[in-house]
Protein chains: 2
Amino acid sequence: MSSYYKEHEKFYVAVDIIIFGFDGERLNLLLIKRNFPPSKGKWSLMGGFLKNYESLDQAAERVLYTLTGLNNVFLEQLQAYGNIYRDPGERVISIAYYALIKIDDYDENLLEKHNAHWYPITDFPSLIFDHNNMVKRAIARLRRKAKTQPIGFEMLPAKITIPQLQKLYEAIYLKKFDKRNFRKKILSYNVLEKLDEKEKETSKKGAYYYYFNERKYSQLLENGYSFNVNI
Amino acid sequence: MSSYYKEHEKFYVAVDIIIFGFDGERLNLLLIKRNFPPSKGKWSLMGGFLKNYESLDQAAERVLYTLTGLNNVFLEQLQAYGNIYRDPGERVISIAYYALIKIDDYDENLLEKHNAHWYPITDFPSLIFDHNNMVKRAIARLRRKAKTQPIGFEMLPAKITIPQLQKLYEAIYLKKFDKRNFRKKILSYNVLEKLDEKEKETSKKGAYYYYFNERKYSQLLENGYSFNVNI
DNA sequence: GTATAAAGTGTTAAAAATACACTAATCATC
DNA sequence: GATGATTAGTGTATTTTTAACACTTTATAC
């Protein structure tokens, strides 16, 4: 088209994705053991190069889809990483994204194909390049956001019990909360509707299921909320 | 060096900077009227292309220095913008940064050379490309950050009065605060040390100067704080 | 000496966060 | 069918934080 910029340099641009999932007990990261160079055999985030025909957000969606088979999940840009030697192979500007997924939704075959594994955020292998930094920042962002927006729900099915939800928040903040205060606070947002059904796998007594009301949740998201249970 | 990535496409990468300054009354943006194509004659953020020999952060510092002659100021990455047609000339990935500067510090000649002007955040000309979005996000970020970190101080000299500080916060949030509650809250952080000197230009009585204690400020930054005066 | 203009000061009420301990339901077992 | 074990579920009192609110002080200009 035009050539205003032709004296300037061009760069490889990639996206890397920090994928979070909750298994009922711990918050986990989806990592891949690279079976391709450079740094073959080492652990890293899932990533991919930006293509001409897609936006950054689309590239992130594509990369996430390639690994998990998932679409329409929570995916948000973290920030750009652009140190000169961050990739020892060649200079690459990487835009980091983080995703929140329901851990049972992914496509098993795709994960195997990419050599991907879940690791708890408290204990995962050291990653290539600046990926450790990316993860650190993503966790900080998730913790910050979970205080003001109910994004924790993105990692859970629509039907949940309150003890499950509390475990998720405890896994995010690596901290125990008082269950009376937690329940009080969560219910005060009026996004959960109690069902007659009980979940009976994790306890004999069984915990009531609550249904997660999308519409009220969207309202909360727009207006912002303040989740502050002893955090 | 290597050639792992040679099948991938390369892109122009630029940085654009949202520059905030406080004039004692209003929060302002430093904008430039482009005297070069494309979109010559239109208003935009100050920007520049990334070069091979610099990181993204360094590019942002260089661009800020080119326009203002300033170094060592608060400069933080906002996010990357990568829609395909965001720049109608050619595809450019832009990394937006925002800077907080002391409005009297800049180099007058440089500003003139670049055709730059200060505009209040409440009333500035429409900008090219996606720069309006960038500004919107930068203001939101500034408001969020100013609640949990005392970054407002970055736009003020080391010696300030409390009414000045309050005006800054009112300019950021476009909202009046109760001066008793404001003073109480600010002083409770113990980052301000009262001096014997008074500022007497804006009032007959004069307001005591306070000295801004860098060391205690750094501690606050690390531990996080909560600024919540009626916001 | 009086009018003016901004600085400075304290208390009370309301809301939110925090701390804390017992009962209820069900299953497994003896 | 009584008992023990395990997790769910509930209410109140205390402390802390936020919010609302009005008068006095100081210096200058006239």
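Sequence lines set the chain letters: A, B, ... in the order given, protein chains first and strands last, and positions in each chain run from 1. All heavy atoms count here, side chains included; hydrogens, waters and symmetry mates do not.
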#### Entry: A:Lys200 vs C:dC27: side-chain N/O to OP1/OP2 distance below 4.0 Å
yes

### Message
Looking at B:Lys159 and B:Glu197, is any side-chain nitrogen of the basic one under 4.0 Å from a carboxylate oxygen of the acidic one?
### Response
yes

### Query
Can you tell me if the side-chain N/O atoms of A:Lys185 get under 4.0 Å from OP1 or OP2 in C:dA17?
yes

### Message
If only side-chain N and O atoms count, and only distance matters, is there a donor-acceptor pair under 3.5 Å linking B:Tyr97 with B:Asp57?
### Response
yes

### Query
Whole-Å distance between C:dG10 P and B:Asp178 CG?
14 Å

## Note on the structure
note: B:Asn181, atom CG; D:dC21, atom C1'; distance rounded to Å ~ 9 Å

### Message
Whole angstroms only, please: what is the NZ-P distance between A:Lys204 and D:dT6?
### Response
6 Å

### Task
Mind calculating the distance between CZ (A:Arg183) and C1' (C:dT18) to the nearest angstrom?
18 Å

### Query
Could one point to a donor on the side chain of B:Lys205 or the base of C:dA6 with an acceptor on the other under 3.5 Å away?
no

### Message
How many whole angstroms separate atom NZ of B:Lys179 from atom P of C:dA5?
### Response
14 Å

#### Entry: Passing candidate, side chain to side chain contact (heavy atoms under 4.5 Å, CB included) with B:Phe20, options B:Ile139, B:Asn28, B:Val135
B:Ile139

### Query
Quick one: A:Phe182 CZ to C:dA19 P, roughly how many Å, whole number?
16 Å

### Task
For A:Ser203, check side chain to side chain contact (heavy atoms under 4.5 Å, CB included) against everything at least two apart and list the hits.
A:Lys205

### Atom-to-atom span, CD1 of B:Ile186 to P of C:dT9 - whole angstrom
15 Å

#### Entry: Contact under 4.0 Å: A:Arg180 side-chain N or O vs D:dG11 OP1/OP2
no

### Task
Within residues 155-167 of chain A, find the residues that approach DNA chain C with a heavy atom at under 4.0 Å, and present them sorted by residue number.
none

### Query
With B:Leu142, which of B:Leu78, B:Leu100, B:Ile18 fulfils side chain to side chain contact (heavy atoms under 4.5 Å, CB included)?
B:Leu100

### Message
With salt bridge (charged side-chain N to carboxylate O under 4.0 Å, His left out) as the criterion, how do B:Glu25 and B:Lys167 come out once you've worked through the C-alpha distance, each side chain's angles and the decisive distance to 0.1 Å?
### Response
CA-CA 6 Å; B:Glu25 287 296 327; B:Lys167 279 198 171 156; 3.3 Å; yes

### Task
Could you tell me which residues satisfy side chain to side chain contact (heavy atoms under 4.5 Å, CB included) with A:Glu76, sequence neighbours excluded, listed by chain and number?
A:Phe74, A:Tyr98, A:Arg141, A:Lys145

### Atom pair distance, as rounded to whole Å: NZ in B:Lys198 and C1' in D:dT28
12 Å

